[in-house]
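The structure appears below as C-alpha cells.
This is a predicted model, so every value here is computed, not measured. Proteins come first, then strands; the chains are lettered A, B, ... in the order of their sequence lines, and each starts at number 1.
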2 protein chains.
Amino acid sequence: MAKAAASRPGESHTPTMVDVALRAGVSTMTVSRALKEGSRVSKATREKIMTAVNDLGYVLDQSAGSLSSRKTGFVAAIVPSINNSNFADTARGITDELESTGLQLLLGYTDYTVEKEEQLIEAMLRRRPEGIILTGGAHTDRARRLLKSAGIPVVETWELPAKPIDQVVGFSNEEAMGLLVKTLAKRGYRKFGYIGGTTSRDTRGSQRREGFVRAIDELGLPTGRLVSFGVPPISIEQGGQAVVSMLERWPDTQAVLCVSDLSAFGALMECKRRGMRVPQDIAIAGFGDYEVAAFCHPGITTVNVDCYGIGQQAARRLIQVIRGDEKRHGQEIVLTGYRVVEREST
Amino acid sequence: MAKAAASRPGESHTPTMVDVALRAGVSTMTVSRALKEGSRVSKATREKIMTAVNDLGYVLDQSAGSLSSRKTGFVAAIVPSINNSNFADTARGITDELESTGLQLLLGYTDYTVEKEEQLIEAMLRRRPEGIILTGGAHTDRARRLLKSAGIPVVETWELPAKPIDQVVGFSNEEAMGLLVKTLAKRGYRKFGYIGGTTSRDTRGSQRREGFVRAIDELGLPTGRLVSFGVPPISIEQGGQAVVSMLERWPDTQAVLCVSDLSAFGALMECKRRGMRVPQDIAIAGFGDYEVAAFCHPGITTVNVDCYGIGQQAARRLIQVIRGDEKRHGQEIVLTGYRVVEREST
DNA sequence: CAAAGGCATGTTATCGATACCAAATCAACA
DNA sequence: TGTTGATTTGGTATCGATAACATGCCTTTG
C-alpha cells in the first residue's frame, strides 16, 4: 500500500526508501540492496533506482537500518583531550583505519577525569557502538561493569593496565621514562629533576614520574628533585613556571625531565628568556615528541611515541575482533614502540 | 505477550526495555518515561524501574528511540583537521556547548579537501543529525544540494562565505590579515613578505593572502614578495624552509607574515638557527595565536582568533534554531572577534 | 524437452523504542 | 458518598530500514 507520505507529492518531507521504491517501480528491498554494495541487483534496475535516488535527493537512514540489521556501524573512542596533539594523532589513526571499513567514529574526551569518562561511556553505549577504544587503564567500577555487560570488544590504549578489560594497545610509560633517564645518565648527567602535574588524574603522567624515580634509584643518583606544578595536563606556561621553581630549590640541577614536551618547551623558553644556555647551563628533555620539540631551537630531547600507530592498531584490533565475531579472539596485548630522540637540548 | 528473549533467562543477551518492564512489573512505556527526565512517573514506580535497570545493567538504545521519536540527538561538525589546535579548540567549544543539551557530536575532518567534505557530509546525513556545523564556505555543488534537502540548520564557521547556506559564525580572514599588515606598517616596516601554502585548498589561507596583498597595495608598499611552500596546512618545518627561500630571493625583506603560527614558528626557529636576530634582522608574524606563539622566545606577533568561541557560538546558534523548530529563525551572521597581539618578534 | 539450478526480485516480520490516545487510579470537595 | 479533575499507567501503531524466506524467470544440460 502506498504510504501517506508518498501519496501527497506536494508535501515537502525527507524522502524515505518507500518514496524511492515507488518512483523506481520496485520494492524497498531492492532499493536497499541497490544501495548496499556487494549485493546483486541487475544493472538496469540499479540505474532506475539511482536515478530515483538522485531525483529525490534521498539519503539512506542508517539509524533505521542499524535497528533491523543490529549493526550500528559505530566505533566509540574516548581520549583525555582532543586539544593535545598526541591524542589528536591517535584519533586520526583510528579514523583513518576505520575509513575503509565504513565504520564511523564517535569521539569524546574526558578532560582527564574518570567520572567524565564514565558518563561518556554510558552516553556512547546508548548508541550501541560495535567496539570501544579507551585511553589508559583507570576506570570507575561502574564504567567497568557497563563495558562488561555491553558485550563489545574494548581496547585500552596508551598504557599497559595492570588489570586489562580486554584488548590492549600501548606501552609502559614507566619504562619509557626510565629509558630516557638512563640514556641521559650515560651521557654524564647526574643531578636530575622532574617536572610534572600536581595530581594523579593523568595516570600516564604518574607512571612517567614513577619511572623517573625508579630509574634514579636504580642508578644510585641524587633523588628527590620533583616539582609538581599545575593540574594535568600541564601547559607550556606551567612548564616555564615549574622550571623556575626547580632552579630556586635545587640550583645545581643538571637535567630537567618533563612529563610532556609542552612543559619541556615552556621550561626551555623560560630558561632562554633568563639568559641560560641550554644544554650547557641546564639540560631539558620532554616526552611525546611533539612537532614543536623537533623544530624549536635548540631541539628538545624527548621520547617518541607512535601516537598515530596506537590509534591505527587499536582500530585494527577492534575490527579484527568485530569481524571474527563468532570465534571471539582472546585477549591480546599489542606493544607499541617508543624511542629516545636525542637533540640539542641535552 | 512475553518476548522470547525474556522467557529464556538463561540466555545472555543485551537486555531491552521489555526485560526491564517485565522485571519491574510495568509496561515498557512507563520504563521509557522513567528514563526520560521531565516526565511524570510516581516515585515508587521509578524506584522499582531503576532497580531493574541496575540489576540488568540495562542501557537505553538510542538508535531505536530516535527512530520513533524522529530525533537522533546528533549534531555533526566537520573541520579540516583535528590535529590543528585551532580547530581542536573549535571542536571543544562545540562539545562543551552541546554537553548540557544532551546532544552528541559527530566529528569528522576533511584534510582540507571539498571532496572529502562531500563524502563526510553524506556519511553524516545518514545518521540524521539535527544540525550541522561546517568549516568555511567552499563546498561542492552536490554537498550544497545534500545539505539543502536535508532540511536541517547549517552553520558555516571560520569565514564569511560570499553565498552562505544558512547560518554563519565567523570573521573575515582577509580583513584580519590586513589589520596585521597595517599594524606592522605603522611600526615602520615597509618591505613585507608573505609565506603560505601552494594551493587554494585552504580557503582561509587564500583569503589571508588576499588580505595581505590588498593591504600592501593600499599602503603603496613594495609588492610581490610571496612565497608558496608546501601543501596546506603547512607545517613548522615548511615554514622554516619557506623563510629560507624568502631570504634568498628578497634578502632585504623586513617583515615576514605567515599564514599560521606554526609556519611562523618554523620560520622563527630557522632564523635563530642561522644566527639571525629577530626582530632586529627580520621581523616575523603569524596567525591564529597558538599557544606556542605566546610562549616561545621571542614571542610571536600574531592575530588572535576566538577559536573556542567560534565553536561555542556555532553550537549555540544551532541549538537555538533546533529548539525554535517551527518558527524557523532566519539566516543570521555572527561576527566573531579577532585582534592583533604584538609580541617581541616584530 | 523437462528438470535443475542460479539469479533477480518481492513479501512479511521484525529490530527497540516512543507518540498518541485510552483507561485506571487517586485526591479533593460539594 | 458521588463527582470532578489531575495524575499515573497501559495498549497499539509506527518510525525506516533489513533479514529471512518465497517466488518467478531464465539459462543450462542430460
### Atom-to-atom span, CG of B:Leu22 to P of C:dG16 - whole angstrom
14 Å
### Task
Could you please name the option among D:dA17, C:dT11, D:dC15 that lies closest to any side-chain atom of B:Ser68?
D:dC15
### Task
Tell me which nucleotide among D:dA17, C:dG10, D:dG10 gets nearest to the side chain of A:Leu60.
D:dA17
### Query
Can you tell which of D:dC15, D:dA17, C:dA17 lies closest to the side chain of B:Asp61?
C:dA17
### Test item: side-chain donor near acceptor, A:Thr336 and A:Gln313, under 3.5 Å
no
### Query
Counting only side-chain N and O atoms of B:Arg46, is one of them less than 4.0 Å from OP1 or OP2 of D:dT8?
no
### Query
Once you round to the nearest 0.5 Å, how far does CD1 of A:Ile82 lie from CG of B:Leu105?
8.0 Å
### 5' precedence on DNA chain D between B:Val41 and B:Arg128 (nearest-nucleotide basis)
B:Val41
### Task
Using distance alone, with no hydrogens and no angle criterion, decide if B:Gln320 and B:Arg317 have a side-chain donor and acceptor under 3.5 Å apart.
yes
### Query
Does A:Lys36 put a side-chain nitrogen or oxygen below 4.0 Å from OP1 or OP2 of D:dA19?
yes
#### Entry: Spacing between A:Gln62 atom CD and C:dC15 atom C1', to the nearest angstrom
15 Å
### Query
When rounded to the nearest 0.5 angstrom, what distance separates CD1 in A:Ile78 from OG1 in A:Thr157?
10.5 Å
#### Entry: Residue whose closest nucleotide on DNA chain D lies nearer the 5' end, A:Ala64 versus B:Val26
B:Val26
### Message
What's B:Ser66 touching, base or sugar-phosphate or nothing? Going by heavy atoms closer than 4.0 Å.
### Response
nothing
### Task
May I have the distance from B:Glu37 (atom CD) to C:dT18 (atom P), rounded to whole angstrom?
13 Å
### Query
With respect to the phosphate group of D:dT9, does any side-chain polar atom (N or O) of B:Ser42 fall under 4.0 Å of OP1 or OP2?
yes
### Interatomic distance, A:Glu47 CD vs C:dT9 P [rounded to whole Å]
12 Å
### Query
Relative to the ring of A:Phe74, is the ring of B:Phe74 parallel (under 30°), tilted (30 to 60°) or perpendicular (over 60°)?
tilted
### Message
Base of D:dG10, side chain of B:Arg33 - is there a donor-acceptor contact under 3.5 Å?
### Response
yes
### Query
So which nucleotide from D:dG10, D:dT18, C:dT9 ends up closest to the side chain of A:Ser69?
D:dT18
### Query
Have A:Thr30 and A:Ser27 got a donor and an acceptor in their side chains that come within less than 3.5 Å?
yes
### Query
Whole Å only: how far is the CE atom of B:Met17 from the P atom of C:dT14?
20 Å
### Short side-chain N/O contact from B:Arg40 to OP1 or OP2 of D:dT8, under 4.0 Å
yes
#### Entry: Separation of atom CE in A:Met29 from atom P in C:dA13, rounded to whole Å
15 Å
### Message
Using OP1 and OP2 only, check whether a side-chain N or O of B:Tyr58 sits under 4.0 Å from C:dG16.
### Response
no
### Message
Please report the distance, rounded to the nearest Å, between CZ in A:Arg126 and P in C:dT18.
### Response
11 Å
### Query
Does a nitrogen or oxygen in the side chain of B:Ser63 sit under 4.0 Å from OP1 or OP2 of C:dC15?
no
### Message
Using a heavy-atom cut-off of 4.0 Å across all strands, would you classify A:Ser27 as base, sugar-phosphate, or nothing?
### Response
base
### Query
Reckon B:Thr28 has a side-chain N or O less than 4.0 Å from the OP1 or OP2 of C:dA17?
no
### Query
Can you check the A:Leu67 CG to D:dT18 P distance for me, whole Å?
11 Å
